[in-house]
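Letters A, B, ... mirror the listed sequences (proteins, then strands); counts begin at 1. Only a predicted model underlies this, so the values are computations on that prediction, with no experimental measurement involved.
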2 protein chains.
Amino acid sequence: MNEHAHISANLSKNQLLVMDALTNSDGPLSAYAILDQLCDQGFRAPQQVYRALKKLVDFNMVHRLESLNAFVACRHPGREDHETLAFMICENCGQVSEFTDNLLSKRLQHLTGAAHFVLNKMTIEFRGICINCHST
Amino acid sequence: MNEHAHISANLSKNQLLVMDALTNSDGPLSAYAILDQLCDQGFRAPQQVYRALKKLVDFNMVHRLESLNAFVACRHPGREDHETLAFMICENCGQVSEFTDNLLSKRLQHLTGAAHFVLNKMTIEFRGICINCHST
DNA sequence: CATAATAATGTTATAATGTAACAACTTTAA
DNA sequence: TTAAAGTTGTTACATTATAACATTATTATG
């Protein structure tokens, strides 16, 4: 199965609802924010959200922002390198931009390789002020 | 005030207790694990731990591991670049190793600079299996 | 088709992590 | 010596996440 094999059509009802909530959101959402949004669609308990999120993260359709305890729909351009995604998170407007960089990936691979560290997951998150917010 | 100006002597009673707990620990500790350890020393409420932790993190004596919701005493060799610390976290034994790398720092500065992103805080955490654990 | 295996759902309860707010006391600096 | 800043203690609460169990839906296989 390749990386974005799980197109929307393959998602279950709840997975689709959670995915839509994230896709239609400007920025990251907490699990409980998603739960609130989906009350009208019959959601009652956090497990319904967390279970859908777990699958969507497995499918690489959603990313968890560890420093925010929140989730974003995957929006990164191209799909070549899911392993070394990084995020810039604006602490003013909440916008998250997702990016990859080849030199960064290479260097990180070198560093973990040199330490003989078998990498499972990488978290790279920058917190700060985005260009729109500090220019005004 | 320079980076490690807050030597132990300058810490308050609670800050010192929390710092000692972290320094004497093999790996990262959650705030509540610290609270449990310090019950004997009179700690009663999470605030006592969280307040001390906040100061210790401000002083760069302790780091928060976002992907674990836990805290470690700073152990990185040298002190030249507190801004671009990274962590390798073994998911088997719990060991955390802290490192910096000049090329990595440069690349990250380039990337945030190019995006005109004003960086406040950087989180770089690798989860995986350390050399000791996968060689046995 | 039958049916076994897997996946998804609904639900209640609880665990784990983190903060607000208020009152008191201690240390530092003017 | 007294005002300011920092520290502590405490109660209550908010937020984030998981355990456990029962049920239904979907998929794969003989």
Side-chain angles (χ1 to χ4, degrees), chain A residues 1 5-22 25 27-59 61-72 91 94 121 123 125 127, chain B residues 1 5-22 27-59 61-72 94 121 123 125 127:
Chain A
M1 181 190 316
H6 285 268
I7 52 174
S8 302
N10 294 330
L11 297 177
S12 74
K13 189 189 70 170
N14 287 3
Q15 288 159 12
L16 197 56
L17 286 167
V18 170
M19 190 69 212
D20 283 349
L22 286 169
S25 167
L29 293 174
S30 74
Y32 280 77
I34 295 171
L35 179 57
D36 286 346
Q37 283 196 22
L38 295 181
C39 272
D40 295 341
Q41 275 70 43
F43 275 46
R44 294 283 169 272
Q47 279 284 28
Q48 298 176 288
V49 177
Y50 280 108
R51 288 201 282 225
L53 284 171
K54 181 169 193 316
K55 291 294 182 179
L56 295 170
V57 169
D58 285 349
F59 301 158
M61 299 175 75
V62 165
H63 306 296
R64 178 167 211 279
L65 300 174
E66 302 287 348
S67 67
L68 291 179
N69 295 330
F71 301 83
V72 282
E91 294 179 316
K121 193 201 169 196
T123 299
E125 298 176 14
R127 306 282 294 267
Chain B
M1 180 191 316
H6 285 268
I7 53 173
S8 301
N10 295 329
L11 298 177
S12 74
K13 189 189 70 168
N14 287 3
Q15 288 159 13
L16 196 56
L17 286 167
V18 170
M19 190 69 211
D20 282 349
L22 285 169
L29 294 175
S30 73
Y32 279 77
I34 296 171
L35 179 57
D36 286 345
Q37 283 195 23
L38 296 181
C39 272
D40 295 342
Q41 273 71 43
F43 274 47
R44 294 283 171 272
Q47 278 284 27
Q48 296 175 289
V49 177
Y50 280 107
R51 288 200 283 225
L53 284 171
K54 182 169 193 317
K55 292 294 183 178
L56 295 170
V57 169
D58 285 348
F59 300 157
M61 300 175 75
V62 166
H63 306 296
R64 178 168 210 277
L65 300 174
E66 302 288 348
S67 67
L68 291 179
N69 294 332
F71 301 84
V72 282
K121 193 200 168 197
T123 298
E125 297 176 15
R127 306 282 293 268

Side-chain N or O of [X] versus OP1/OP2 of [N]: is the shortest distance under 4.0 Å?
X: A/S12; N: D/dT26; result: no
X: B/N14; N: D/dG9; result: yes
X: A/S30; N: D/dT15; result: no

Quick one, which residues of residues 32-48 of chain A touch DNA chain D with a heavy atom under 4.0 Å?
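Under 4.0 Å from DNA chain D: A/Y32, A/P46, A/Q47.
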[atom1] of [X] versus [atom2] of [N]: gap in Å, rounded?
X: A/L68; N: C/dT17; atom1: CG; atom2: C1'; value: 16 Å
X: A/Q15; N: C/dA8; atom1: CD; atom2: C1'; value: 8 Å
X: A/D58; N: C/dA8; atom1: CG; atom2: C1'; value: 14 Å
X: A/Y50; N: C/dT11; atom1: OH; atom2: P; value: 19 Å
X: A/L11; N: C/dA7; atom1: CG; atom2: P; value: 15 Å
X: A/N69; N: D/dT18; atom1: CG; atom2: P; value: 10 Å

Whichever of A/R51 and B/A52 has its nearest DNA chain D nucleotide further upstream toward 5'
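Comparing both residues, the 5'-ward one is B/A52.
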Side chains of residues 34-41 of chain B: which donor-acceptor pairs under 3.5 Å do they make with residues two or more places apart or in other chains?
none

Can you find a pair of side-chain heavy atoms, one from B/L65 and one from B/F71, that are under 4.5 Å apart?
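When only atoms from C-beta onward are counted, B/F71 and B/L65 do not touch, as no gap falls below 4.5 Å.
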By side-chain hydrogen bond (donor to acceptor under 3.5 Å, both in side chains) - contacts of [X] (at least two apart):
X: A/Q47; value: none
X: B/R51; value: none
X: A/E66; value: A/R64, A/K121

As a test of reading the structure: which of D/dT16, D/dG9, C/dA8 is closest to the side chain of B/K13, going by heavy atoms?
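The answer is D/dG9, which lies nearest to the side chain.
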Decide whether B/R127 and B/S67 meet the rule of one side-chain donor and one side-chain acceptor closer than 3.5 Å.
yes
Side-chain donor/acceptor pairs under 3.5 Å, residues 52-59 of chain B, sequence neighbours excluded:
none

